[in-house]
Amino acid sequence: MLEISRRWQEEWYFRGIFEGRVDNSRPKFFITVPYPYVQGPPHIGHGRTFTISDIVARLKRMQGYNVLFPIAWHITGTPIQSVADRISKGDAEIRSLYEWYVGIYVKDKEEASRIIESFKDPWNIAKFFAGHYEEDLKMLGPSIDFTRQFTTGDPEYSSFIIWQYYKLRELGFIAQGKHSVLFAPAEGQAVGEHDIRGGDEINIEMLEFNLVKFRWGDKHLVAATFRPETIFGATNIWINPAATYVEARVNGETWIVSKQAAWKLSYQDKEVKVIREVSGRELLGVQAVNPATGSFLYVLPASFVDDDTGTGVVYSVPAHAPFDYAALMDLAGVDDEFGRIARSISPVGIIRVEGYGEWPAADIVGRMGIRSQGDRGKLEEATKAIYRDEYYSGVMRDNTPFPGIKVSEAKERAVQLLREKGAWDIMYETEPRLIYTRGGNRVIVAVIRDQWFLNYGHPEWKPKIREALESMKIIPSSYRVNFESTVNWLGMRPCARKRGLGTRLPWDNEWIIESLSDSTIYMAFYTVARHVKDGEVSKVLGELASKVIGSNGSDEDSLNKLLSFYDYVFLGKGQPLILPEVARRAREEFSYWYPVDQRHSGIDLVGNHLSFFIAHHAAIFPREMWPRSITLNNFVIRNGQKMSRSLGNVLPLREAVGNYPPDMVRLYVAYEADLENLLDWKDKEVAVVLSRLITFWRVANEIISMPAEPMSEYKPSLPSEWLLNSVDKALLAAPSLIDGMRIREYVLDSFFNMLNAVEVYMELKDELPESKVVLREFLRRWLVLLSPLMPHLTEELWHRLGNSSMLSLEQWIVPAREPSDAVERAVGIVFRTIDDARELLRIKGKANSIHIYVGPSNELYDLVRTISSKIAEGRDVGAIIRELTGDPRFSGIKQRIPDLVRRMISGQLPRDVVDREAEMSAFKYFKRVMERRLGVSVVIHDALNPGSDLGGKARAALPGRPSIFIE
RNA sequence: GCGGGGGUACCCGAGCAUGGUCAAAGGGGGCGGGUUUAGGUCCCGUUGGCGAAGGCCUGCGUGGGUUCAAAUCCCACCCCCCGCCCCA
């Protein structure tokens with residue numbers, strides 16, 4: 001099967017049957033998947049996303065749409081860059097990872113090692129994996145047009161991004177300002193998660209501390225806190241006597257903070273000049289002024305104070321901060337000058353909160369049995385608990401300027417008040433505090449002054465984003481809320497960095513547009529890629545791009561040329577100043593394919609890329625070019641575990657499609673889970689699916705091998721009708737299932753259920769003269785039905801069946817007549833009866849034969865049908881019984897009415913019946929099947945005219961519920 | 001905290017929108033049987049309890065409620081997972 005699959009892939013891609021060409025006589029369908037970021041090989045998760053979109057693409061193609069399903073490669077940003085950096089530095093961890101990655105493709109060790117060496121240049125990483133990505137994807141057989149591929153580092157792509165960013169700038173959606181980032185001072189650069197040791201496992205946050213300045217002579221002791229509202233309850237100031245502090249000029253003032261803090265602050269947009277070092281001990285005993293109250297506070301020693309957190313200066317609020325309370329108690333037990341001061345201090349409660357007394361911190365310290373400030377774990381827990389309770393349900397007391405105000409609000413007011421007094425500032429810290437780059441250097445927060453932002457919150461932008469979102473279909477629809485909340489909080493978003501691959505910001509070329517910002521409207525670029533990739537054209541656009549960037553946008557001539565080209569192509573505005581003929585063709589193609597009909601993606605992109613995708617379309621394109629729908633699927637896990645590099649259990653796509661036929665991989669990922677759910681790649685279950693696929697292959701080939709005797713006229717027997725009906729029903733249902741992205745149901749119906757049906761039919765085929773013709777016809781329709789799902793095997797079988805056309809390009813079959821489900825229901829009764837009989841056999845033990853009495857009087861069928869419809873109308877038991885006993889039609893079986901109604905209402909009897917003829921016929925035809933399943937001989941009797949009425953069972957037969965006698 | 005999703009049998013997992021045919025699909029695992037020199041594969045059956053005739057009892061996170069009828073609808077509670085920005 002593997003070999004057959006490869007053969008068809010070669011055939012498809014060699015003949016280029018999936019290449020999209022403008023054809024105005026046919027409706028178009030433009031489907032895209034986010035271009036993969038090529039820092040490594042694709043894995044089975046990509047396989048899921050691509051398979052699902054390919055099922056859609058293939059169905060649409062068979063339905064007569066001109067389908068475009070393109071792909072490209074994303075290389076922008078810092079991850080590839082930092083891999084290159086790490087390889088250059090000889091990082092062993094990354095090297096072994098890439099030995100594995102490269103080893104997937106290159107078996108020769110030396111060769112592989114040479115390739116990894118070349119990865120010191122990030123472009124080589126991108127090129128290597130982009131190339132292999134294409135091969136790997138092709139092994140899955142997707143109907144992708146690979147001729148439009150590009151990378152985001154191509155010169156013509158840069159020219160396109162330049163156009164996009166000038167458009168956004170014209171609209172006023174780009175801003176510049178201050179911004180905090182994670183930063184490694186020793187390396188002199190901002191770092192991303194992938195640059196941080198353990199960065200993929202931990203969740204790194206940036207915390208904002210409030211700084212409060214306590215005047216001490218002409219200097220300020222600067223304390224850091226998360227709870228500025230507690231300033232009114234401050235009783236003293238804590239300093240760690242063992243730590244090193246500094247006196248430093250900060251923005252024209254003299255601050256006293258820890259040495260560590262001064263270092264950090266110097267990166268946070270502050271002018272910091274250290275004058276001298278001071279030991280913590282020297283500061284003890286001095287008095288500083290609380291800026292909020294004017295009272296003097298002593299500086300006292302506390303060991304819990306960490307000079308690497310905040311400023312190393314803490315103002316003490318023993319009533320509300322467990323650490324402070326514990327430290328105060330500790331100190332009060334010491335027999336010295338500071339102990340005496342501590343004993344004189346009484347906590348000041350300033351917040352009222354239910355469940356606590358006047359000093360909540362004292363309560364919780366007592367409750368949790370905390371002994372001293374050394375009890376860090378418990379104290380941190382206590383701090384968290386108090387914070388939560390006070391923040392959400394606490395109210396300020398009368399001894400503060402904000403009596404009765406909720407803590408959450410008082411917080412802001414306190415900041416306001418301190419600000420007005422010039423006693424407030426801000427400082428950032430990371431959480432967790434101590435994080436390091438992979439090179440081992442400390443990471444802190446730095447504030448950048450001239451960061452470029454996209455202002456998604458712009459009053460002319462956000463409403464349009466909302467409008468675009470509203471106009472789109474989101475499937476599964478449960479994700480719509482996620483989009484809505486993303487759009488709600490979208491505001492200023494940095495769009496450029498100083499490191500990494502990508503296009504430089506054309507008017508400020510120190511900056512590189514980052515990867516989530518240069519990947520928002522590139523689907524438009526697919527439509528024109530064929531035209532602009534051409535050597536000469538590419539050269540022209542590339543040169544213009546580099547002139548614009550090189551001149552920081554001041555080369556107006558180049559800029560105008562570039563902008564005029566894309567303005568014309570994408571917006572139909574003005575006339576192109578360059579390449580008019582190319583522009584005309586590109587324009588034509590863009591106008592044909594756009595907008596994007598469907599964008600299919602993993603759910604991880606909802607909160608960023610997909611929302612930006614909507615936003616940028618809304619900003620730049622007219623409404624009729626806005627995307628039509630977004631569809632999503634969840635991740636893939638493996639044997640119950642998350643796939644992650646650190647666990648080493650990532651399943652590369654090539655390994656999956658190298659070991660199994662591609663159709664099996666497709667079948668598995670499409671069937672195993674609904675889109676919303678995690679898909680578990682379980683090795684055991686993969687084997688099960690494979691065995692079903694083999695059965696399919698065997699059955700299909702058996703049908704093909706049967707000599708085809710033409711039979712012009714035949715009357716299909718009930719089983720034949722049943723089989724053809726089933727496939728017709730599935731053919732009818734599949735398009736709407738796939739449109740609604742109910743892929744799993746489509747697979748269940750079309751593959752698994754159909755396979756079961758045909759296996760049953762095969763048991764009967766020898767008794768049915770028309771079976772061969774029926775089976776061939778069935779197979780023809782079935783192959784069409786399955787082609788989107790498993791294109792390789794169906795393509796092969798299609799040809800073995802004697803067709804010379806390409807199944808992938810065949811028309812979908814729309815059944816000529818409405819399939820009836822009466823036959824199906826009749827067959828369903830047979831199978832239910834088999835289950836019943838089996839249970840009886842089990843209880844009875846041994847049996848020679850089973851007698852089944854089918855088909856009571858037509859009168860009874862009528863009655864049951866009538867009861868059923870009355871129940872459906874919602875009548876109650878009494879009413880139905882009264883009505884029917886009065887009905888002359890049923891006068892002969894009056895006495896059975898109450899019992900039947902009762903049993904049908906309670907669900908003991910099936911409500912959904914067929915007529916007598918169909919039911920009898922089903923039992924006659926399926927007798928063989930019953931015997932095989934039950935392992936004993938089966939005798940079917942007409943209940944109205946039984947050959948022998950064993951055990952008086954004939955009279956017990958009911959519609960849809962034959963009676964059974966075991967002998 | 002806010003927003004979203006979820007708790008179903010030994011395990012994974014469907015069902016819930018449209019209540020009844022649900023002791024609850026499918027798979028894994030277990031058990032029994034067949035094939036096999038053996039093992040694996042494969043095939044069949046079984047896997048809440050009771051039952052000598054198709055039935056009864058218990059049962060879908062916990063506790064209530066609506067209904068002739070609840071895994072499914074309503075209310076409250078407990079627990080779990082995911083997202084919450086400059087990272088692709």
Side-chain angles (χ1 to χ4, degrees), chain A residues 34 36-37 39 74 76-80 179-182 190-196 199-200 203-206 388 391-392 408 451 453-454 456 476 478-482 484-486 488-497 500 514-517 519 603-609 611-612 634-635 639-640 671-674 676-678 680 682-685 687-689 691 694-695 744-745 748 752 828-829 832-833 835-845 868 871-872 876-878 902 904-913 932-933 935 951 953 956 960-966:
Chain A
Y37 192 78
Q39 66 168 330
H74 199 194
T76 309
T78 48
I80 289 182
H179 177 59
S180 50
V181 295
L182 295 176
V191 294
E193 209 170 74
H194 48 269
D195 299 312
I196 290 168
D200 16 341
N203 177 29
I204 300 160
E205 282 180 274
M206 274 186 242
R388 194 186 51 230
Y391 185 80
Y392 296 105
S408 46
Q451 173 70 48
F453 295 91
L454 284 166
Y456 290 108
S478 51
Y479 291 112
R480 183 176 289 276
V481 278
N482 297 44
E484 280 164 0
S485 56
T486 304
N488 282 340
W489 64 247
L490 270 181
M492 287 285 187
R493 184 177 199 286
C495 62
R497 308 191 66 180
E514 62 85 45
S515 61
L516 283 166
S517 303
S519 59
I603 54 168
D604 48 335
L605 301 183
V606 172
N608 45 59
H609 162 71
S611 294
F612 304 157
N634 206 323
F635 306 128
N639 295 321
Y671 170 70
E672 216 1 66
D674 290 319
E676 296 98 312
N677 292 338
L678 287 172
D680 196 353
K682 287 181 263 191
D683 299 333
K684 277 253 165 63
E685 307 218 353
V688 172
V689 170
S691 82
I694 291 169
T695 305
R744 189 171 182 270
E745 281 175 68
L748 186 67
F752 290 97
I829 294 169
R832 205 158 38 214
T833 306
D835 286 342
D836 282 344
R838 193 174 275 148
E839 192 181 352
L840 294 176
L841 279 174
R842 189 170 51 79
I843 294 164
K844 177 102 181 179
S868 171
I871 293 174
D876 67 63
V877 192
R902 220 196 59 245
M904 284 183 72
I905 282 230
S906 73
Q908 282 174 22
L909 289 177
R911 283 188 206 166
D912 165 41
V913 292
R932 199 155 306 173
R933 307 275 139 132
K953 282 283 162 187
R961 191 85 197 245
S963 57
I964 301 166
F965 181 83
I966 294 180

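Lettering follows sequence order; numbering is per chain, from 1.
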Touch class at under 4.0 angstrom, heavy-atom based, for Thr78(A) against every strand present: sugar-phosphate
Touch class at under 4.0 angstrom, heavy-atom based, for Phe453(A) against every strand present: nothing
Partner nucleotide, any strand, of G3(B) [Watson-Crick/G-U, under 3.5 Å]: C82(B)
Residues which pass salt bridge (Lys or Arg N to Asp or Glu O under 4.0 Å) with Glu484(A), listed by chain and number, not counting sequence neighbours: none
salt_bridge(Glu514(A), Arg493(A)) N-O dist < 4.0 Å: yes
Distance in angstrom units between Arg493(A) CZ and C85(B) C1', rounded: 6 Å
Distance, rounded to the nearest Å, where Asp835(A) contributes CG and A23(B) contributes C1': 13 Å
Sugar-phosphate, base or nothing in reach of Pro36(A), heavy atoms under 4.0 Å: nothing
Touch class at under 4.0 angstrom, heavy-atom based, for His609(A) against every strand present: nothing
Inter-nucleotide C1' distance (U21(B), A69(B)), Å rounded: 13 Å
Counter-base of G45(B), judged by Watson-Crick or G-U geometry with both distances under 3.5 Å: C31(B)
Contact letters for nucleotides 5-17 of chain B, in which S counts primed atoms plus P, OP1 and OP2 and B counts the base, heavy atoms under 4.0 Å: -------S-S---
Nearest-angstrom distance, P atom, C50(B) to G40(B): 30 Å
C1' spacing across the pair U72(B) / G6(B), given as an integer number of angstrom: 16 Å
Arg832(A)/Asp835(A) ion pair, N-O < 4.0 Å: no
Watson-Crick or G-U wobble partner of U62(B), both distances under 3.5 Å: A76(B)
Minimum-distance nucleotide to Leu516(A) side chain [options: G55(B), C87(B), G45(B)]: C87(B)
Rounded P spacing from C44(B) to G28(B) in Å: 11 Å
A71(B) and A24(B), which share atom name P, separated by this distance in whole Å: 13 Å
Phe453(A) and His179(A) aromatic ring geometry - parallel, tilted or perpendicular at 30°/60° bounds: perpendicular
Rounded distance in Å between the P positions of G63(B) and A70(B): 16 Å
Whole-angstrom distance between A23(B) and G48(B), as gauged at atom P: 14 Å
Asn639(A) side chain to Asp680(A) side chain, donor-acceptor N/O pair below 3.5 angstrom: no
